[in-house]
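Written out below as structure tokens is the structure these notes cover.
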Amino acid sequence: MTEEEMKEFQEFLEWKKMHAQSVHEKEHQPQNEIEEKVDKEIQPPKTENSSFPKSGNTVSSKDEEIVSESTSFEKKVFIGIAVALLVILFIGFATNNNGSHNNKREVAQVTAVDSVALKKEQAKKDSIAKVQKIEKARKDSIAKIQRIEVLKNSIRIKSAYLSSPNSASGVDAIFYYTNKSSKTIKYLIWHGYPKNAVGDVVTCDIRGYSEFNGKDTGPVKPGKTSGGCWDCAWYNWEAKKLVLTGIDIEYMDGSSLTINQNELQYVRK
């Protein structure tokens, strides 16, 4: 019970008490007056040697019943108000508690639904990604097979090596190939560098480079062999082995083909 409600309840009790007293006085005022008149009528005259006891005011059983009923009514009112307040507080507490539980339950349900939806969405994305990965691998495999076929049907390297150094340490590069395609080759450019006997890269002592580009000019028709010797491609006494790094081919019809170092295995004899 709040302070304001307690104050209102105390004011009500005071008003009730005053009202009961007022009613009691009004109801018993005539009876008191009659008793006083009767006492006056039967009272003997006073003498000097005689004395009579004075009649005092007495409380009747009816008055006691009225006071008892008033007090009982006030107690009942007080108990009723207290019970009502307790019921209100209990209902409010139960409502708040139930609402809190309902809110928690709703939040949990929403969270569970969101979690399930997210899992389904993630599973869907993973499935799509897996399918795309498989499809990409399949396409890459097909493309690789097709690429290998193109390389095998482009050229065939017949020889690629270095000569022994001349008196000035000049080393020649020898490169020959056969046109395996159905198109005529216009230009072929091979790229490579020399290694020494222990596998280390060496450079040209005069020009300072390691990689050399040898250009062969066609036309080289399908099935024909071409190439040549590139004199003194390097000047180095230690140059022993030619390592090819790639080949660029340009055809007469304007198309071209580039073969990288990893693909050279498909064009060697």
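- Note on Y193 and I247: separate hydrophobic clusters, where clusters join Ile, Leu, Val, Met, Phe, Trp and Tyr whose side-chain heavy atoms are under 4.5 Å apart, directly or indirectly.
- Here the shortest heavy-atom pairing between S226 and D216 reads OG-OD2, 2.7 Å.
- Taking the side chain as every heavy atom from C-beta outward, K130 and I134 approach each other to under 4.5 Å.
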Audit row: N236, V171, side-chain contact (heavy atoms from CB on, under 4.5 Å) steps and yes/no: CA-CA 7 Å; N236 192 302; V171 180; 5.6 Å; no
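- Residue K241 places its NZ atom among 12 or fewer non-hydrogen atoms of other residues, nucleotides or ligands, all under 6.0 Å distant.
- For the pair L162 and P194, the minimum side-chain heavy-atom distance is below 4.5 Å.
- In plain terms, the two heavy atoms of D172 and D231 that are nearest each other are OD1-CA, 3.1 Å.
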Steps toward side-chain contact (heavy atoms from CB on, under 4.5 Å) verdict (Y251, S181): CA-CA 10 Å; Y251 295 99; S181 70; 3.6 Å; yes
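- Considering every non-hydrogen atom in both A160 and L242, the closest pair reads C-CD2, 4.1 Å.
- A heavy-atom distance below 4.5 Å is found between the side chains of S163 and I174.
- By the salt bridge (charged side-chain N to carboxylate O under 4.0 Å, His left out) test, E263 pairs with R147, sequence neighbours left out.
- Within the structure, every pair that satisfies the salt bridge (Lys or Arg N to Asp or Glu O under 4.0 Å) test and touches residues 131-143, not counting sequence neighbours, is listed here: E135-R138, K136-D140.
- Residues passing the side chain to side chain donor-acceptor pair (under 3.5 Å) test with Q261: none are found, sequence neighbours excluded.
- Through side-chain heavy atoms spaced under 4.5 Å, either directly or across other Ile, Leu, Val, Met, Phe, Trp or Tyr residues, W237 is tied to no other residue.
- The shortest side-chain heavy-atom distance between Y187 and I249 does not fall under the 4.5 Å cut-off.
- Nearest approach of V201 to S210, heavy atoms of both residues: CG1-OG, 3.9 Å.
- Without hydrogens or angle criteria, R156 side chain to Y177 main chain gives no donor-acceptor distance under 3.5 Å.
- Counting heavy atoms from C-beta outward, L188 and V220 have side chains that stay 4.5 Å or more apart.
- Other residues, nucleotides and ligands place no more than 12 heavy atoms under 6.0 Å from the OH atom of Y161.
- With S127 contributing its side chain and K124 its backbone, the two residues share no donor-acceptor pair below 3.5 Å.
- Using a 4.5 Å heavy-atom cutoff, the side chains of C232 and N166 are in contact.
- Other members of the cluster containing I206 are Y235, with ILVMFWY side chains joined at under 4.5 Å, either directly or via other members.
- Counting all heavy atoms, side chain and backbone alike, Y266 lies closest to K144 at OH-CE, 4.5 Å.
- Closest non-hydrogen pair, K180 versus I155, comes out as CG-C, 3.7 Å.
- Side-chain N/O atoms of K158 and T225 include no donor and acceptor closer than 3.5 Å.
- R207 pairs by the salt bridge (charged side-chain N to carboxylate O under 4.0 Å, His left out) definition with nothing, not counting sequence neighbours.
- A donor-acceptor pair under 3.5 Å is formed between the side chain of N153 and the backbone N or O of E149.
- Two residues are said to be in side-chain contact when any heavy atoms from C-beta on lie closer than 4.5 Å; I157 and W190 fail this criterion.
- At least one side-chain heavy atom of R268 sits less than 4.5 Å from a side-chain heavy atom of L244.
- W234 contributes no side-chain N or O that, together with a main-chain N or O of T203, makes up a donor-acceptor pair within less than 3.5 Å.
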